[in-house]
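Structure first, then comments.
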Amino acid sequence: MKDQKVYEPTDKLINVISDNYSVLQSLGAFGINLGFGDKTVEEVCYDEKVDTYTFLAVVNFTVNGYKIFDDAASISVPTLIHYLKASHEYFLGYQLPTIRKKLEEALDTENNLAKLILKIFTEYEHTTRNHMQYEEKTVFPYVEALERHEQPSDYDVQTYSKHHTATDRKLNELKNIIIKYLPPDGLHNHQLTSALYDIYNCEEWLRQHAAVEEHIFIPAVRLLEQKSRQSDVSMKIQNIIGKAKASDEALSDREREVIIALVQGMTNKEIAEHLFISTNTVITHRRNIAKKLQIHSPAGLTIYAIVNNLVDISSVKL
């Protein structure tokens, strides 16, 4: 049964653990060590350099399913990645090897049914390891690049979300086979029951892990992507403005006069008479203007002249 309390920064961490001992597993993944006395969640997180908001978002979600982290911008993505990576290390380096050892001790490895059970478990191990290694090698480096304000273009979190499927079918199959078809002797029955209990815990842990990725990690990364795209657009706009200013500064006074005359609808001949220069000189000026501004159409020059305050829009023949 889930505890219905929503934990806050001022709650003592020892009380959170007393209410829900499963939180112990999260402590290690966040890098929080035991021996914190009667300190509050906020005090412990501060001492261990863990983001309090992110820690409580994960704890309240995994304990009670509360999605109180309505502000994805407040989630610390580096803290979350550290938590997910450490969770992978625990699961692959400790949880799975422990279950395998218990199964091997409880089963007669010469028995065909026992061999099948171990085969199913091996396949499950392989599938889960591949999934987590994909996150380690592809997803996390992508997100870390976003955190560094880089612009990775060959991946997005939507791709990850589509491939973020459950890997627990084989675990469920293994669990059912043990329950239905293996009534061994007393000692082995105890050993298998212990292994089975670990498998159930493993199944629950994986469900919570996937839910944290789906409901906390992915939304936080989507927000990072939005910020990255906005930053990219802003940078491009600044570059365009900068180039326009540089081009404007590169124009001579005579070239500006030619632009003003052009957007007011004058022909080359009329411009020549107006500025007391030859028609060929007007043509040369127009060629240089197009080269400097990379604008070749009258409409483009008109927009440029209006934006750069060379003419008032009311004086332009549209």
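Everything numeric here is computed off the predicted structure, so don't read it as measured data.
- The distance from atom CG of Leu92 to atom CZ of Arg129, rounded to the nearest 0.5 Å, is 4.5 Å.
- The pair Lys85-Glu89 fails the salt-bridge criterion, with no side-chain N (NZ, NE, NH1 or NH2) lying under 4.0 Å from an Asp/Glu carboxylate O.
- Around NZ of Lys115, the count of heavy atoms belonging to other residues, nucleotides or ligands within 6.0 Å exceeds 12.
- None of Lys101, Lys102, Arg100 except one satisfies the salt bridge (charged side-chain N to carboxylate O under 4.0 Å, His left out) rule with Glu104; the exception is Arg100.
- Residues Glu214 and Pro219 come closest through the heavy atom pair O-CD, 3.4 Å.
- In this structure, the side chains of Gln133 and Thr138 stay at 4.5 Å or more apart for every pair of heavy atoms.
- For the 3.5 Å distance criterion, the side chains of His131 and Glu135 qualify, holding a donor opposite an acceptor.
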Verdict with reasoning, Ser22 to Trp205, per side chain to side chain contact (heavy atoms under 4.5 Å, CB included): CA-CA 9 Å; Ser22 62; Trp205 181 89; over 6 Å; no
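- Side-chain atoms of Cys202 and Tyr124, non-hydrogen and from C-beta on, do get closer than 4.5 Å to each other.
- Contact record, Ile295 with Gly300: CG2-C, 3.4 Å, taken as the closest heavy-atom pair.
- For the atom pair CG of Leu27 and CG of Leu34, the computed distance is 6.5 Å after rounding to the nearest 0.5 Å.
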Side chain to side chain contact (heavy atoms under 4.5 Å, CB included), that's the test. Do Leu103 and Leu192 meet it? Break it down for me. CA-CA 7 Å; Leu103 286 174; Leu192 266 180; 4.1 Å; yes
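- Checked for salt-bridge contact, Glu204 and Arg207 meet the test: a charged N lies under 4.0 Å from a carboxylate O.
- Classification of Lys292 and Glu255 as a salt-bridged pair holds, one side-chain N sitting under 4.0 Å from a carboxylate O.
- Side-chain contact between Leu56 and Val6 is absent, with no heavy-atom pair separated by less than 4.5 Å.
- A pairwise comparison of heavy atoms in Asn172 and Lys175 identifies OD1-NZ, 3.1 Å as the closest pair.
- With a 4.5 Å cut-off on side-chain heavy atoms, Tyr83 and Phe217 do not count as touching.
- Heavy-atom contacts from other residues, nucleotides or ligands closer than 6.0 Å to NE2 of His126 number 12 or fewer.
- Contact annotation: the side chain of Cys45 never approaches that of Phe30 to less than 4.5 Å [non-hydrogen atoms, C-beta and beyond].
- Between Glu257 and Arg254 there is a salt bridge, with a side-chain nitrogen of the basic residue lying less than 4.0 Å from a carboxylate oxygen of the acidic one.
- Here the CD1-CG distance, from Ile117 to Asn111, works out to 8.0 Å after rounding to the nearest 0.5 Å.
- Between Thr54 and Ser74, the shortest heavy-atom contact is OG1-O, 4.3 Å.
- Annotation for Val77 and Ala220: closest pair CG2-CB, 4.0 Å, computed over non-hydrogen atoms.
- Within the 4.5 Å cutoff, the side chain of Leu84 has heavy atoms near those of the His209 side chain.
- With Ser194 contributing its side chain and Gln191 its backbone, the two residues share no donor-acceptor pair below 3.5 Å.
- No path of Ile, Leu, Val, Met, Phe, Trp and Tyr side chains, each step under 4.5 Å between heavy atoms, connects Tyr46 with Ile75, placing them in separate hydrophobic clusters.
- Looking only at side-chain heavy atoms (C-beta outward), Arg286 and Asn268 come within less than 4.5 Å of each other.
- In this structure, the separation between CD1 on Ile260 and CZ on Arg256 is 9.0 Å, given to the nearest 0.5 Å.
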List the steps and the verdict of side chain to side chain contact (heavy atoms under 4.5 Å, CB included) for Leu13 and Thr40. CA-CA 5 Å; Leu13 187 53; Thr40 65; over 6 Å; no
Begin from the C-alpha positions of Leu196 and Tyr200 and carry the test side chain to side chain contact (heavy atoms under 4.5 Å, CB included) through to its verdict. CA-CA 6 Å; Leu196 191 60; Tyr200 270 100; 3.9 Å; yes
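- Taking both residues in full, the closest heavy atoms of Leu113 and Ile177 are given as CD1-CG2, 4.5 Å, listed atom of the first, atom of the second, then distance.
- Considering only heavy atoms from C-beta on, Leu301 comes within 4.5 Å of Leu293 through its side chain.
- There is no path of hydrophobic side-chain contacts, each under 4.5 Å, that joins Leu262 to Ile303.
- In the model, Thr281 has a side-chain atom that pairs as donor or acceptor with a side-chain atom of Ser278 under 3.5 Å.
- Taking hydrophobic clusters as Ile, Leu, Val, Met, Phe, Trp and Tyr residues chained together by side-chain heavy-atom distances below 4.5 Å, Ile32 shares a cluster with Leu24.
- For the atom pair CD (Gln294) and OH (Tyr304), the distance works out to 12.5 Å, reported to the nearest 0.5 Å.
- Under a hydrophobic clustering in which Ile, Leu, Val, Met, Phe, Trp and Tyr are joined whenever their side-chain heavy atoms come within less than 4.5 Å, directly or via other members, Met132 and Tyr90 fall into different clusters.
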Ring pair (Phe, Tyr, Trp, His ring centres under 6.0 Å) assessment of His215 paired with Phe61: CA-CA 9 Å; His215 296 285; Phe61 179 66; 5.5 Å; yes
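- To the nearest 0.5 Å, atom CD1 of residue Ile271 and atom CD1 of residue Ile277 are 8.0 Å apart.
- With 3.5 Å as the limit, one finds no donor-acceptor pair spanning the side chains of Asn15 and Lys12.
- For the pairing with Tyr7, the side chain to side chain contact (heavy atoms under 4.5 Å, CB included) check across Asp19, Val41, Val23 returns one residue only, Asp19.
- By the rule that hydrophobic residues join a cluster once side-chain heavy atoms approach within less than 4.5 Å of another member, Tyr94 and Ile199 end up as members of separate clusters.
- Judged by distance alone, the side chains of Tyr142 and Glu147 never bring a donor and an acceptor atom under 3.5 Å apart.
- A salt bridge links Lys119 with Glu123: the closest approach of a Lys/Arg side-chain nitrogen to an acidic carboxylate oxygen falls below 4.0 angstrom.
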